[in-house]
A.B. asks: 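The structure under discussion is supplied below as structure tokens; questions concerning it will follow.
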Protein chains: 2
Amino acid sequence: MQNKDDISKKPLTPAMEDYLEAIFNLGKEKRVVRVKDIAKRLGVKMPTVTSMLNTLSKRELIDYEKYEYLELTEKGVDVGKEIHRRHHTLRSFLTNILNIDFKKADEEACKMEHAVSASTLDRFIEFMEFIQFCPRVGLDWLKYFDEYRLHGQEPDKCLARMKEFADGFKVRIKTMDEVEGKK
Amino acid sequence: MQNKDDISKKPLTPAMEDYLEAIFNLGKEKRVVRVKDIAKRLGVKMPTVTSMLNTLSKRELIDYEKYEYLELTEKGVDVGKEIHRRHHTLRSFLTNILNIDFKKADEEACKMEHAVSASTLDRFIEFMEFIQFCPRVGLDWLKYFDEYRLHGQEPDKCLARMKEFADGFKVRIKTMDEVEGKK
DNA sequence: AAACTATGTTTGGGATATCTAATTATCACT
DNA sequence: AGTGATAATTAGATATCCCAAACATAGTTT
């Protein structure tokens, strides 16, 4: 039987996730994590940080006594790491696959990371691995996407590019005659 | 010189975007849009809808007099249509490319739609067109992704699958000897 | 150690978005 | 036209997240 104030099941808000991610990242960059640094990283003022630290502390996501250094609890580390993983994965998809510039990709990944479940994230990762892992399949294909994107997509050109593409892959396109077994 | 209460530049919140999208969609499904229907669609109670309608009305995104029928203004239609476009595109990416089931894809698209800019959306669309538009490039390749995803990605198997893949594409993989011009 | 500077916290308030309970309006039917 | 059911609004409360101003502490310098 759970206490009526039990909080362990309430989902975290996007803001809480952002703070945990920021604390997680800052913790790897610096010896100690300071209120000032969190505020700067997230673009908020210090009082806002203090009040969120109280919230996170009540939820046992950080160890925190006022004026003292703060640390993520085990639970807090789990969340921070997971959000960081989502951020990194989505940004990587946006930059490496869709060819969006880093700054914009980073901003949008930061918003998307709260919308995407762990299982969907995994699917993104598999998809990127699929594109990049198999020998001769990956990077050339992405170059081709870039070409396609920048120069339009008329059906005629498309087949021509498919041929260049195939060369890049070390493959040869069969003629339709060959495919259909005609002489 | 702008009035100090000028509101036209304040960005819309995700919640406002959700309401406009819902109103836009309901408007296409029914003769009139009712508070009850919006509430049901968005999973909120009717008073919440009423209060948001007042907000949207102040911002000139809907025409609304209490107890009367409501309609999107031109501005409101633009936003509603754009959010719907994002939702549809992202869901399509999640279902058609990443193979996520419809219900989950729909839920996550609904959250992602507020995180993704119009220009990034366009890049998603181009990417999907790239996969599906060019003859013989698209759907077979996605089947191959599915295969890859479900049966692991050992480098050895990878080349074998690349060959099947090539067959599906009506292409033939050159041997490395052929590629390097050896006998 | 006293004074000064950095940093951090408290207080009090604003905006958004939601709810429940109570009230009021509209519609359809007899 | 009166009445009952359905729909919509108002009133009042709560939670989250943010801020500025005032205050408190910690760290540094003289």
Side-chain angles (χ1 to χ4, degrees), chain A residues 4-23 26-27 30-59 61-71 79 83 110-111 113-115, chain B residues 4-23 26 30-71 79 83 110-111 113-115:
Chain A
K4 98 175 186 326
D5 281 343
D6 183 46
I7 218 161
S8 59
K9 277 169 184 161
K10 273 203 256 170
L12 301 180
T13 64
M16 291 173 198
E17 292 181 346
D18 283 333
Y19 282 85
L20 292 170
E21 185 191 8
I23 294 166
L26 287 167
K30 305 198 154 198
R31 289 201 329 286
V32 295
V33 179
R34 290 173 151 291
V35 170
K36 189 181 64 157
D37 298 327
I38 301 172
K40 186 170 178 196
R41 180 67 56 98
L42 295 177
V44 299
K45 304 295 175 179
M46 286 203 289
T48 310
V49 175
T50 302
S51 96
M52 180 58 85
L53 293 183
N54 284 310
T55 303
L56 295 175
S57 180
K58 275 201 207 92
R59 293 192 155 212
L61 293 158
I62 59 174
D63 285 326
Y64 165 67
E65 297 291 333
K66 66 178 180 174
Y67 295 113
E68 300 297 326
Y69 296 138
L70 62 104
E71 259 183 48
V79 177
I83 302 301
C110 186
K111 291 182 279 174
E113 71 197 13
H114 309 292
Chain B
K4 98 177 188 322
D5 282 343
D6 182 47
I7 218 160
S8 58
K9 278 170 183 162
K10 273 202 255 171
L12 301 181
T13 64
M16 291 174 198
E17 292 181 347
D18 282 334
Y19 282 86
L20 291 170
E21 185 192 9
I23 294 167
L26 287 166
K30 304 198 155 198
R31 287 200 330 285
V32 294
V33 179
R34 290 173 147 291
V35 171
K36 189 182 62 157
D37 299 327
I38 301 171
K40 188 170 177 195
R41 180 66 57 97
L42 295 177
V44 299
K45 304 295 176 181
M46 286 202 290
T48 311
V49 175
T50 301
S51 99
M52 180 58 85
L53 293 183
N54 284 310
T55 302
L56 294 175
S57 181
K58 275 199 206 94
R59 294 207 176 205
E60 297 176 358
L61 294 158
I62 61 174
D63 285 325
Y64 165 67
E65 296 291 333
K66 65 179 181 174
Y67 295 112
E68 299 297 325
Y69 297 138
L70 63 104
E71 258 182 47
V79 176
I83 302 301
C110 186
K111 291 181 280 174
E113 72 197 13
H114 309 292

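Sequence lines set the chain letters: A, B, ... in the order given, protein chains first and strands last, and positions in each chain run from 1.
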A.B. asks: With a 4.0 Å cut-off on heavy atoms, is B/T13 in touch with a base, just the backbone sugar-phosphate, or nothing at all?
C.D. replies: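 It contacts sugar-phosphate atoms only.
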A.B. asks: Which nucleotide in the list D/dC18, D/dT9, C/dA17 gets nearest to the side chain of B/P47?
C.D. replies: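 It is D/dT9.
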A.B. asks: Roughly how many Å is it from NZ in A/K10 to P in C/dT18, rounded to a whole number?
C.D. replies: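 Roughly 17 Å, once rounded to whole Å.
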A.B. asks: Report the distance from atom CG of A/L56 to atom C1' of D/dC17, rounded to the nearest whole Å.
C.D. replies: 12 Å
A.B. asks: Find the distance B/Y67:OH to C/dT24:P and express it as a whole number of Å.
C.D. replies: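 Rounded to whole Å, this separation is 9 Å.
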A.B. asks: Report which part of the nucleic acid A/S51 touches: base, sugar-phosphate, or nothing (heavy-atom distance under 4.0 Å, all strands).
C.D. replies: nothing
A.B. asks: Indicate whether OP1 or OP2 belonging to D/dA7 is found under 4.0 Å from a side-chain N or O atom of B/R34.
C.D. replies: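 The answer is no; no side-chain N or O of B/R34 sits under 4.0 Å from OP1 or OP2.
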A.B. asks: Just label C/dA6 as syn or anti from its O4'-C1'-N9-C4 or O4'-C1'-N1-C2 angle, using within 90° of 0 for syn.
C.D. replies: syn
A.B. asks: Considering heavy-atom distances to DNA chain D, does A/E68 or A/K45 have its closest nucleotide positioned more toward the 5' end?
C.D. replies: A/K45
A.B. asks: Heavy atoms from C-beta onward define the side chain here; which of D/dA20, C/dA17, C/dC19 lies closest to that of B/M52?
C.D. replies: C/dA17
A.B. asks: Rounded to the nearest 0.5 Å, what's the gap from CZ on A/R41 to CZ on A/R34? Could you check?
C.D. replies: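 Taking CZ in A/R41 and CZ in A/R34, the distance rounds to 15.0 Å.
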A.B. asks: Using atom NZ of B/K30 as one end and atom P of D/dA7 as the other, report the distance to the nearest whole Å.
C.D. replies: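 After rounding, the gap between these two atoms is 10 Å.
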A.B. asks: Given C/dA17, D/dT10, D/dC18, which nucleotide is nearest the side-chain atoms of B/K66?
C.D. replies: D/dT10
A.B. asks: Got a second to check how far B/K58's NZ is from B/L53's CG, nearest 0.5 Å?
C.D. replies: 11.5 Å
A.B. asks: Within less than 4.0 Å of OP1 or OP2 of C/dT7, is there a side-chain N or O belonging to A/Y69?
C.D. replies: no
A.B. asks: Would you give the length of the straight line joining atom NZ of B/K10 to atom CZ of B/R59, rounded to the nearest 0.5 angstrom?
C.D. replies: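 It is 5.5 Å, given to the nearest 0.5 Å.
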A.B. asks: Can you tell which of D/dC17, C/dG8, D/dA8 lies closest to the side chain of B/K36?
C.D. replies: D/dA8
A.B. asks: Can you tell me how far apart SG (B/C110) and CD (B/E17) are? Round to the nearest 0.5 Å.
C.D. replies: 10.5 Å
A.B. asks: Which nucleotide wins on minimum distance to the side chain of A/V35, given the candidates D/dA8, C/dC19, C/dT9?
C.D. replies: C/dT9
A.B. asks: How close or far is atom C1' of C/dT9 from atom CD1 of A/I38, stated in whole angstroms?
C.D. replies: 14 Å
A.B. asks: Between A/T48 and B/V49, name the one whose nearest nucleotide on DNA chain D is closer to the 5' end.
C.D. replies: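 The answer here is B/V49.
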A.B. asks: Just the rounded figure in Å: distance from P of C/dG8 to CG of A/D37.
C.D. replies: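 Whole-Å distance recorded here is 8 Å.
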A.B. asks: Please report, rounded to the nearest Å, how far the P atom of D/dC17 is from the CG atom of A/L53.
C.D. replies: 13 Å
A.B. asks: Nearest 0.5 angstrom please: B/M16 CE to B/T55 OG1, how far?
C.D. replies: 5.5 Å
A.B. asks: My understanding is that only one of B/V49, B/D18, B/V44 makes a side chain to side chain contact (heavy atoms under 4.5 Å, CB included) with B/I38; could you say which?
C.D. replies: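 By the side chain to side chain contact (heavy atoms under 4.5 Å, CB included) criterion, B/I38 pairs with just one of B/V49, B/D18, B/V44: B/V49.
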A.B. asks: In whole angstroms, how far is the P atom of D/dA5 from the CE atom of B/M46?
C.D. replies: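 Rounded to the whole Å, the gap is 16 Å.
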A.B. asks: Across all strands shown, which nucleotide pairs with C/dA6 by Watson-Crick or G-U wobble geometry, both distances under 3.5 Å?
C.D. replies: none
